[in-house]
Amino acid sequence: MNYCKVFLKPKKEESLMRFHPWVFSGAIQSMDSKPAEGDLVEVYGHANQFLGVGHYQIGSISVRILSFTQRIIDASYWEERITAAYNLRKALHLDNAPHNDTFRLIHGEGDFLPGLIIDVYAHTAVMQAHSIGMHHSREAITQAIVQVMGDKIKNVYYKSEGTLPFKANLGTQDGYLYGGEVEDVAVENDLKFYVDWLKGQKTGFFIDQRDNRDLIERYSKGRSVLNMFCYTGGFSFYAMRGGAEVVHSVDSSAKAIALTNRNVELNFPEDTRHEAFADDAFKYLENMGDKYDLIVLDPPAFAKHRDALRNALQGYRKLNAVAFKKIKPGGILFTFSCSQVVTKENFRLAVFSAAAQSGRKVRILHQLTQPADHPVSIYHPEGEYLKGLVVYVE
Ligand code: SAH
């Protein structure tokens with residue numbers, strides 16, 4: 001196959017030679033023809049050495065590299081990549097029904113497939129394309145998933161309306177690319193939950209908090225727990241299994257609260273320890289009094305772009321300040337940021353300012369991140385996005 005050739009400016013090959021998978025638009029010197037968005041292109045250094053093959057797109061990232069060796073991107077390529085990713089999840093004991101059938105199969109650059117996310121819920125794979133090249137490859141990827149995972153997978157749902165650049169005007173529609181059977185209960189660490197990949201946020205569930213939920217279970221016994229920004233209640237059902245005295249789940253989305261209630265009912269029918277409230281976080285925190293001694297703060301990304309960083313850090317500071325003011329002595333706070341542009345150091349600084357403002361004695365017990373099925377390629381440190389601190393407040 002003849003892929004269009006992209007030539008880089010002098011010295012711009014260095015990051016690719018260190019296996020960083022992005023070519024920025026400013027690095028390009030010339031092209032031997034004009035690729036369409038989503039086309040496969042070959043990237044060459046100015047001395048004509050081959051550097052990689054990847055998907056072309058108009059924007060600040062012009063090429064996302066799929067392979068650093070010269071090859072055709074065909075069915076065997078997709079199968080190879082998906083097999084490697086699936087083998088890793090099996091080695092991590094995540095494909096472990098009936099105890100666990102929920103995991104991230106493909107984490108973009110962390111699985112050497114920039115622009116692609118695939119989450120697995122029981123027998124359904126939910127695919128999300130973040131690049132036009134991945135959008136064009138969706139059928140080939142679906143075939144590879146089915147080929148590699150066999151009858152484990154009965155449905156592949158494509159959910160990219162919200163993640164593809166809208167300027168590309170692809171007119172894409174979410175829907176099943178394979179199967180279509182309605183099955184909506186998945187299992188994480190022996191806890192069941194309904195997942196709504198059709199209308200839910202992201203792919204339907206926040207798999208990235210699995211290990212951190214595990215940790216909350218260990219600290220919940222006898223505590224009064226507030227799960228703020230609960231979405232579908234993940235942290236709440238772990239806290240209940242851990243023996244919490246009461247668990248209150250709060251989210252501004254009424255739909256999320258309805259699903260939280262159903263999920264709690266699924267695992268702990270008629271258990272009166274749990275209550276859920278649809279409310280704004282700041283309003284609830286201001287009015288809640290001092291009844292909680294375990295608080296989870298897992299807000300949505302406050303900064304989606306670098307320009308929003310300052311405001312985001314203010315937001316994290318303010319949010320945590322209220323928690324520090326209100327949490328009971330001897331309380332434990334789980335606090336998170338999932339903004340990619342907020343570094344570990346920045347986040348810690350925001351929590352530090354909030355703690356200092358409260359004047360309380362605060363110690364860090366754990367420093368948390370994303371779980372192993374959200375791996376970070378050592379060549380692409382930007383892939384580390386989830387940061388959390390567990391602190392003890394006297
Ligand atoms: N902790 C969750 C994921 C949280 S995602 C889990 O483990 O699954 C962030 C959530 O914050 C979303 O459900 C969103 O509806 C909610 N949210 C956004 N803004 C909010 C606000 N101002 N007050 C309360 N909840 C908010």
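Because the structure is a prediction, the values reported are computed rather than measured. Start at 1 and go down the list; that is how both ligands and their atoms are numbered.
Taking every non-hydrogen atom of Gln201 and a distance limit under 4.0 Å, the qualifying atoms of ligand 1 come out as 12 (C), 13 (O), 14 (C), 15 (O). Applying the 4.0 Å criterion to heavy atoms of Asp279 picks out, from ligand 1, the atoms 23 (N), 24 (C). Under a 4.0 Å criterion applied to the non-hydrogen atoms of Cys230, ligand 1 contributes the atoms 2 (C), 6 (C), 8 (O). Each of the atoms 2 (C), 3 (C), 4 (C), 8 (O), 13 (O) of ligand 1 lies under 4.0 Å from some heavy atom of Tyr231. Annotation for ligand 1: atoms under 4.0 Å from non-hydrogen atoms of Ser252 are 17 (N), 18 (C), 19 (N), 20 (C), 21 (C), 23 (N), 24 (C), 25 (N), 26 (C). Remark: ligand 1 atoms within the under-4.0 Å shell around heavy atoms of Ser253 are 15 (O).
The residues Arg104 and Asp119 are annotated as salt-bridged, a charged nitrogen and a carboxylate oxygen being separated by less than 4.0 angstrom. Between Glu245 and Lys291 there is no salt bridge, since no side-chain N of the basic residue sits under 4.0 Å from a carboxylate O of the acidic one. With respect to the salt-bridge test (charged N to carboxylate O, under 4.0 angstrom), the residues Lys152 and Asp101 do not qualify.
For the ligand labelled ligand 1, residue Ala256 lies outside the 4.0 Å heavy-atom shell.
Here His366 and Phe334 keep their ring centres 6.0 angstrom or further from each other. Annotation: Phe268 is not in aromatic contact with Phe237 [ring centroid separation under 6.0 Å not met]. In summary, the aromatic rings of Phe19 and Phe68 are positioned with their centroids under 6.0 Å apart. When ring centroids are compared, His46 and Phe7 stay outside the 6.0 Å threshold. Ring centers of Phe336 and Phe235: under 6.0 Å apart, within the cut-off.
When the heavy atoms of Asp251, Asn227, Val250 are ranked by distance to atom 14 (C) of ligand 1, first place goes to Asp251. Looking at Asp280, Thr260, Val296 and measuring to atom 21 (C) of ligand 1, the nearest heavy atom belongs to Asp280. Taking only non-hydrogen atoms, the option from Arg213, Met228, Gln209, Arg210 nearest to atom 7 (O) of ligand 1 is Arg213.
In this structure, Arg363 is not positioned above the aromatic face of Tyr392 in the sense of NZ or CZ being under 6.0 Å from the six-membered ring centre and within 45° of the axis.
At the shortest separation from atom 3 (C) of ligand 1 among protein heavy atoms lies Asp298 OD2, 3.4 Å. Looking at atom 18 (C) of ligand 1, its nearest protein heavy atom turns out to be Pro300 CG, 3.5 Å. From the protein, the heavy atom lying nearest to atom 23 (N) of ligand 1 is Ala281 N, 2.8 Å.
By the 3.5 Å distance cut-off applied to N or O atoms, Phe235 is not counted among the residues near ligand 1. For ligand 1, one of its N or O atoms has an N or O atom of Phe229 under 3.5 Å away.
Remark: of the listed residues Lys325, Arg317, Lys318, Arg317 is the sole one forming a side-chain hydrogen bond (donor to acceptor under 3.5 Å, both in side chains) with Gln357.
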